[in-house]
Amino acid sequence: MPDADVDDRAEARAASGGVWEKLYEAFGRPRGPSRPEAWRSPLRGPWLTSLFGSVLLVGIPVMFITGLVSYAAYDPRLPGNDTTPTHGILGFYLFDWLTSPSWIYRVSQGIHVILGFALTPIVLAKLWSVMPKFFAWPPVRSIAMLLERLSLALLVGGVIFQFFTGIFDVEYFYFWNFSFYDAHFYGAWAFMAGFVIHVGLKFPTMRRSLRTRRLRDELRCPLSDTRPEPSDESGLVAVAPAAPTLSRRGLLGLVGATSLATIVFTAGENIGGWTRAIALLAPRGRSYGSGPTDFQINKTAAVVGVTQQKIDQWTLEIVGAKKLVLTRAQLMSLPQSTQRLPIACVEGWATEQTWTGIPLAHLASMAGIDKPRGVQVNSLQPPGGFGATYLSAEQILDPRSLLALKVNGVDLSIDHGFPARNIIPAAPGVHNTKWVNKLTFHD
Ligand SMILES: Nc1nc2c(c(=O)[nH]1)N[C@H]1C(S)=C(S)[C@@H](COP(=O)(O)O)O[C@H]1N2
Ligand SMILES: [Mo]
């Protein structure tokens, strides 16, 4: 039966007026993995590919939107915050990042990172399902196909690049020498260009293919009844299928279970509580303090070169219409406010704590600026590793935005930013500067 299929195909080629023979004369005969006969899995077919595709059709736009939200949350329009100054119209949608609800970045970025993990097995399964196409020979047969192939280069290159850089960033493997943030941003747009073209070209095929089988039936179909999808023009169905060693439901179960496992082993970094303990795939924020300061630490003081000596000599400089220099004791004697706010890192982890300190708006008015337009925040950390960040008027004026001196009723620990750190509702973790030593308010 498989051989008959090969013959059918040869006949079809002969019937098509020898077009294939002419192409082979021009390009050479297909060899190795370019021979259609080389791909033998009986599970490959348009239905299977379309099923994975339909999951990604929903998942990838969610990744894109939450990614853009994160880009906006970094407030790249504020001076000094933008590491992608050539973004041009790609920043058309930017808006001043919100301060309410305070959990918005935690949820949005948690979805981005955890969904990214969960979609990875599906991306891999889909790439596997279309693998013969990558080796199709001759590679290009018409102008239309050339354009399709170019869009596929963006799509496949893009999906690999985005998932690879995203996962490796979260997992602390920085073996590249470009900025993750910039590359992931521009990569997202290139990927989405390929994605939109691909969906435009393939959506009708996907819908048609999904109607050829019912998922429910496949989930009931054992290995012994597993047959290839009917052969067609898609180039996905094996012309000489091997006997199945795995049922379709077995494959779907494997992919689905792997996807679910990534959720179980990452979601705890964002949700917290007892689930934190099983977030084995999430190394971020695994260092902790002790007692009331027992929560995630991204970078310890030692790692970034904040020494005890620098802390001992610390004072806070506040610059505005006038300049003030304050000691920690002076700060402690100012009116304090206590707020329960999360730190939510771009890498997906989050932790909510109770912070006590001075509202930034109060510090602005002490510096003689009642209507601040923004504030530049500097820290004890030697420049290079962690630049100044800039906060918006809305962030300063939100009464919950604090220069925190205490957390959970005790002084900040050094690793959590002692003597003073910013804590801003709904801001990405990176804007919660630790070891703050200078605030420059602008009006
Ligand atoms: N000075 C300084 N502040 C910083 C950082 C840093 O590296 N240096 N990391 C930021 C990032 S990326 C995050 S997610 C939070 C983490 O806060 P934590 O270490 O107290 O959990 O601090 C932010 N503040
Ligand atoms: Mo972060």
Side-chain angles (χ1 to χ4, degrees), residues 70-71 73-75 80-81 83 97 102-103 105-106 108-110 112-113 166 169-172 174 179-181 184 269-270 272 276 279 282-307 310-311 314 316-317 339-357 360 375-391 395 401-408 410-439:
S70 183
Y71 183 69
Y74 272 60
D75 267 323
N81 280 0
T83 61
W97 184 238
S102 64
W103 44 261
Y105 187 74
R106 173 186 195 164
S108 162
Q109 194 58 15
H112 187 76
V113 172
D169 183 62
V170 170
E171 299 296 337
Y172 284 129
Y174 297 115
S179 153
F180 163 76
Y181 178 82
H184 205 62
E269 67 169 348
N270 188 275
R276 186 71 187 82
R284 284 279 163 184
R286 276 279 179 75
S287 335
Y288 285 73
S290 57
T293 62
D294 175 11
F295 59 92
Q296 283 110 308
I297 296 163
N298 194 11
K299 296 213 175 110
T300 61
V303 161
V304 300
V306 171
T307 59
K310 284 188 191 163
I311 289 169
W314 177 92
L316 178 72
E317 199 178 327
Q339 303 291 342
R340 187 139 181 95
L341 291 172
I343 294 180
C345 181
V346 69
E347 278 90 13
W349 65 263
T351 177
E352 193 174 83
Q353 306 295 337
T354 304
W355 309 90
T356 301
L360 289 184
V375 63
Q376 184 183 315
V377 183
N378 288 86
S379 84
L380 275 184
Q381 188 172 341
F386 193 78
T389 55
Y390 205 94
L391 302 174
Q395 287 172 320
S401 293
L402 302 180
L403 179 71
L405 306 172
K406 301 179 130 206
V407 64
N408 302 327
V410 300
D411 284 345
L412 290 170
S413 64
I414 288 181
D415 287 335
H416 282 301
F418 182 87
R421 80 172 297 166
N422 276 353
I423 185 88
I424 314 294
V430 68
H431 284 178
N432 294 323
T433 308
K434 305 198 273 192
W435 314 294
V436 171
N437 68 349
K438 186 174 178 185
L439 296 168

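Remember, it's 1-based here, ligands and their atoms both numbered in the order they're listed. Since the model is a prediction, treat every value here as computed from it, not as a measurement.
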* To do: Take Thr83 and Ser179, measure what side-chain hydrogen bond (donor to acceptor under 3.5 Å, both in side chains) needs, and give me the verdict at the end.
  => CA-CA 9 Å; Thr83 61; Ser179 153; 4.8 Å; no
* **Worked check of side-chain hydrogen bond (donor to acceptor under 3.5 Å, both in side chains) between Ser70 and Tyr105** => CA-CA 7 Å; Ser70 183; Tyr105 187 74; 2.7 Å; yes
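Taking every heavy atom of Asn298 and a limit of under 4.0 angstrom, the matching atoms of ligand 1 come to 11 (C), 12 (S), 13 (C), 14 (S), 16 (C), 18 (P), 19 (O), 21 (O). Proximity to Trp349 (heavy-atom distance under 4.0 Å) selects the following atoms of ligand 1: 14 (S), 16 (C), 21 (O). Which parts of ligand 1 touch Ser379 is read off a 4.0 Å heavy-atom cut-off, strictly below it: atoms 1 (N). Taking every heavy atom of Cys345 and a limit of under 4.0 angstrom, the matching atoms of ligand 1 come to 14 (S). If you number the atoms of ligand 1 from 1 as listed, the ones under 4.0 Å from a heavy atom of His416 come out as 20 (O). Here is the list of ligand 1 atoms found below 4.0 Å of a heavy atom in Trp435: 1 (N), 2 (C), 8 (N).
Neither side chain, Thr433 nor Ser379, offers a donor N or O lying under 3.5 Å from an acceptor on the other. With hydrogens and angles left out, the side-chain atoms of Asn378 and Gln376 include a donor and acceptor closer than 3.5 Å.
Heavy-atom separations between Arg421 and ligand 1 include at least one value shorter than 4.0 Å.
Classified by interplanar angle (parallel below 30°, tilted 30° to 60°, perpendicular above 60°), the ring pair His416/Phe295 is parallel.
Taking only non-hydrogen atoms, the option from Gln381, Gln353, His431 nearest to atom 2 (C) of ligand 1 is Gln381.
By the criterion of a heavy-atom distance under 4.0 Å, the backbone of Asn432, and not its side chain, is placed next to ligand 1. Contacts between Gln296 and ligand 1 below 4.0 angstrom, taking non-hydrogen atoms only, involve the backbone exclusively.
By the 3.5 Å distance cut-off applied to N or O atoms, Asp415 is not counted among the residues near ligand 1.
Residue pairs meeting the salt bridge (charged side-chain N to carboxylate O under 4.0 Å, His left out) criterion with at least one member in residues 344-354, sequence neighbours excluded: Arg284-Glu347, Arg340-Glu352.
The two atoms that bring Leu360 and Asn422 nearest to each other are CD2-OD1, 3.8 Å, heavy atoms only.
Qualifying ring pair (Phe, Tyr, Trp, His ring centres under 6.0 Å) partners for His184, counting only residues two or more places apart in sequence or in other chains: Phe180.
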